[in-house]
Protein chains: 2
Amino acid sequence: MQFCTQSIFPWYAGAMTDTTDRRSRKRQATRQAISNAATRLFWERGFDAVTIDEIAAAADVGRMTVFNHFPRKEDLFFDREAEGRELLRTTALHREKGVSPLEAFRRLAHRLIAEQAPYVVFSAESQAFIRTVEESPTLKARARAIRDELAAEIASALIDATGAQGADPHARLAASLLLAAWTTAFIEAHRTYQQTQSAEAAQAQFLHLIDRAGQGIAVALQGTAYA
Amino acid sequence: MQFCTQSIFPWYAGAMTDTTDRRSRKRQATRQAISNAATRLFWERGFDAVTIDEIAAAADVGRMTVFNHFPRKEDLFFDREAEGRELLRTTALHREKGVSPLEAFRRLAHRLIAEQAPYVVFSAESQAFIRTVEESPTLKARARAIRDELAAEIASALIDATGAQGADPHARLAASLLLAAWTTAFIEAHRTYQQTQSAEAAQAQFLHLIDRAGQGIAVALQGTAYA
DNA sequence: CGGCATTTTGGACTCGTCATAAAAATAGAC
DNA sequence: GTCTATTTTTATGACGAGTCCAAAATGCCG
């Protein structure tokens, strides 16, 4: 598990790959050791101030082993991409009858908040997480890249979900607006939390912006299969 | 002038800094030489395949001189940030009476298309420009960063333009949605151009998406000073 | 010409990333 | 248990972007 999982979302730790044989278990163990060491160091000194060599040394492992498990340094920090991607895709695909994809995403936001899902938790720890990202140009760049990857995923999911023909530009517009809205809602909610130290206020801000943007995007996508 | 200016928007070349004394002139000359060399090499082999050393050698200049004029390698490619930023800011600030900021941006899009402004030109050359960016992870990352910088600029301009108090989250939501819409419109228009080889079709696609998104964003920002 | 500021330059250094090959650990077959 | 094949780890070396620093070249002005 990586920084964000360990520090912010501890309840997700461990047990995600089948560890049948000893080889897989050992591999997972070293991976874990590397991630733990990286997490601790990042937490102590920030992302950019920690070198791969230090992580390797702290994990008592060769430098190449680190790259073996985590192709990029940023992968030691952001590790929940796949899950988020999957969540978004299933939201678009498996939805109740008569609910538009856009409405499904709006409801997802409300559900995540209601369930206190890790993605939309506002706490001192999540604040530290945000700050760590903000302080590192590398992590900010990666965050932007992930945002675009998620937008592409949503666009593809929208096309798959509706089977719309020739409406790809609209799907990509919808995805782009959706991601922009979610990102902004998330950031602004965190800003609110930082100012008020109230998780409730932050959640309210998040949902307020999601709903506002949702209404607008629905109008923008009027006449398409997505709204 | 850099890659995009020289190759895509040649009519903007030259004459942007006052060259009173010989020192400034020489400095500008070396800067130009570096940029020209970089432009040619990027054009020939793509961005990532060219090293700073090669650029320096081609410009007959020391390696450090390159970094002296262009702090990052990407700055040799993207050089029109400031102008775009200024254009967006003035659009938000100096607009006709009774025209909302959002509507001002919509009209700007139509005006740029009508004037065949460099930003929204669709041609074989602009296509090559896009392709060069797409093929380089570094340039894609920089493009994303610029997008965020422009969004921040718009948000600040919106706040300045309306003098709205305590509505900053809405301003940032508006800016974020606006930039997402423009980016998508631009990309989709280029995609259309690539498929149809018709600049008219591309322009139509661009304006269609801008207008669609514009209507939606107006709804999203209903009740604020921005819509 | 000679002092002064700016610009240019070379060299050494850090860090992330990649390629390669060797070494170590492990699983399976006998 | 031993041998072999596969996987995993490791060391080494290289490359390129970016930074620091001190020295050298260049233009400016008295």
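Residue numbers begin at 1 in each chain, while the letters A, B, ... track the order of the sequences. Note that these values count all heavy atoms, side chains included, but never hydrogens, waters or copies made by symmetry.
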Would one find a side-chain N or O of A:His69 under 4.0 angstrom from OP1 or OP2 of D:dT8? no
Without decimals, in angstroms, what is the distance between B:Arg72 CZ and D:dA17 P? 15 Å
Let's test your reading of the model: under 3.5 Å, does the base of D:dT19 pair with the side chain of B:Arg63 as donor and acceptor? yes
CZ of A:Phe67 versus P of D:dA11: gap in Å, rounded? 15 Å
Would you call the rings of B:His190 and B:Phe122 parallel, tilted or perpendicular if under 30° counts as parallel and over 60° as perpendicular? perpendicular
Is A:Glu188 salt-bridged to A:Arg191, going by a charged N under 4.0 Å from an acidic O? yes
Check the distance between D:dA17's P and B:Asp48's CG and give it to me in whole angstrom. 9 Å
A:Asp160 atom CG, neighbour heavy-atom count above 12 within 6.0 Å: yes
Do B:Phe70 and B:Phe78 have ring centroids that are under 6.0 Å from one another? no
Categorize B:Asn68 for me: base, sugar-phosphate, or nothing, with a 4.0 angstrom heavy-atom threshold over every strand shown. base
Specify the separation, in whole Å, of atom CD of B:Gln28 and atom P of D:dT26. 20 Å
So that I know where these two stand, are B:Phe42 and B:Phe129 an aromatic pair - ring centroids less than 6.0 Å apart? no
Per nearest nucleotide of DNA chain C, the residue lying toward the 5' end, B:Asp60 or A:Lys26, is B:Asp60
Take atom CG of B:Asp53 and atom C1' of D:dA17, then tell me their distance rounded to the nearest Å. 10 Å
Residue B:Arg23, side-chain heavy atoms: nucleotide from D:dG16, D:dA11, D:dG27 that is nearest: D:dG27
Taking 4.0 Å as the cut-off, does a side-chain nitrogen or oxygen of A:Thr65 come that near to OP1 or OP2 on D:dT10? yes
Check: B:Arg172 main-chain N/O paired with B:Ser176 side-chain donor or acceptor under 3.5 Å: no
Assign B:Glu74 to base, sugar-phosphate, or nothing according to its heavy-atom contacts below 4.0 angstrom with the strands shown. sugar-phosphate
B:Glu54 side chain to B:Thr51 backbone, donor-acceptor under 3.5 Å: yes
Would you say CG of B:Asp60 has more than 12 non-hydrogen atoms from neighbouring residues, nucleotides or ligands within 6.0 angstrom? no
Across the strands shown, which category fits B:Thr30 at heavy-atom distances under 4.0 angstrom: base, sugar-phosphate, nothing? sugar-phosphate
Within the 4.0 Å heavy-atom criterion, would you say A:Val50 contacts the bases, only the backbone, or no part of the nucleic acid? sugar-phosphate
Would you list the protein and nucleotides 1-3 of chain D atom pairs, both N or O, that sit under 3.5 Å from each other?
none

Under 3.5 Å, is there a donor on one side chain and an acceptor on the other for B:Ser24 and B:Asp21? yes
Can you give the first and last nucleotides of DNA chain C, 5' to 3', that have an atom under 4.0 Å from a heavy atom of chain B? C:dA5 to C:dA12
